[in-house]
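In what follows, a structure is listed as C-alpha cells, so that the remarks can point back to it.
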Amino acid sequence: MQVKIIDHPLIQHKLSLIRDIKTGPKEFRELLDEISMLMAYEITRDLPLETTEIETPVAKCQCKMLAGKKLGVVPILRAGLGMVNGILRLIPAAKVGHVGLYRDPKTLLPVEYYCKLPPDVAERDFVVIDPMLATGGSSAATIDILKREGARHIKLMCLVAAPEGVLLVNKQHPDVEVYTAAVDEYLNDHGYIVPGLGDAGDRIFGTK
Ligand code: URA
C-alpha cells in the first residue's frame, strides 16, 4: 500500500477532536480548516524554488522564492469543499476546480454530474481533495477526469483513508501520491470507514 501518512502531532491531535461524536459542525469546520492548512504545508514540500536577488535594509542577498509552479485544487463535492479554505490560506494563488459525482444505483459506479476546471489544466499540478477515502471509487474517477482533461501531475489528499480506498487508487493510478492523516481499519457494509468520523459532508454542513 503506497500512502504518505502525515503524522504531525498537531494534525493527529486535531484529527482526534474531529472524530469525536460530540464535535458539532462549527468546530468540525474549524478543525478541518486547520488540518487542511497543516496538510497543505506537508504536500507542498517538493515545490521548486529559484534564487532571486533581494535587497534587505542592510545588504543585497540571494534568496529563495517559489519558482512559480501553477497549482490547482479540486475538491470532490460536497465534503471536499470543507478542505478548500485551509489550503487556499497557504496557497492563495491556487485555482480551484470542482468535480461532482453520484453513484449509479444499478452499477454502483461513480457518474460525473459536474466538472469545472481551470482552463490551463496541462500546466498545473493538481491536488484532489476529499476528507474520506472510502472505496476509492470517487477519487479514482476524479483523477480519471483530470487526466482526461490533460492533467499530468496529481496528488490526492484526504483526512481519513480506508485501506480499500488506498489500494484502489494505487492500482488505478500508480502515479498519484496519496496523502492522509490516518489509515483506519476497514469499510463497513454501509460504506463507512471504521472507526472514521461518520459522514464528513453531514458533519461539515449539519445535515442528516
Ligand atoms: N464518506 C464519509 O463521509 N464517511 C465515511 O466513513 C465514508 C465515506
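For ligands, and for the atoms within them, numbers begin at 1 and follow the listed sequence. Computed over heavy atoms, backbone and side chain alike; hydrogens, waters and symmetry mates excluded.
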Checklist line | Whether over 12 other heavy atoms sit under 6.0 Å from Leu10 CG | finding: yes

Check: More than 12 heavy atoms of other residues, nucleotides or ligands under 6.0 Å from CD of Gln12: is that the case?
Finding: yes

Next item on the list: Heavy-atom cut-off of under 4.0 Å around ligand 1: list whichever protein residues fall inside it, by chain and number.
Entry: Met132, Ala134, Gly191, Tyr192, Ile193, Gly198, Asp199, Ala200

Note to self: Can you confirm whether more than 12 heavy atoms, excluding those of Phe205, are under 6.0 Å from its CZ atom?
What the structure shows: yes

Item checked: Residues forming a side chain to side chain contact (heavy atoms under 4.5 Å, CB included) with Tyr179, sequence neighbours excluded -> Lys4, Ile6, Ile43, Lys155, Glu177

Notebook entry, point to check: Under a 4.5 Å cut-off applied to non-hydrogen side-chain atoms, are Arg103 and Thr135 in contact?
Noted result: yes

Item checked: More than 12 heavy atoms from other groups under 6.0 Å of CE on Met65 -> no

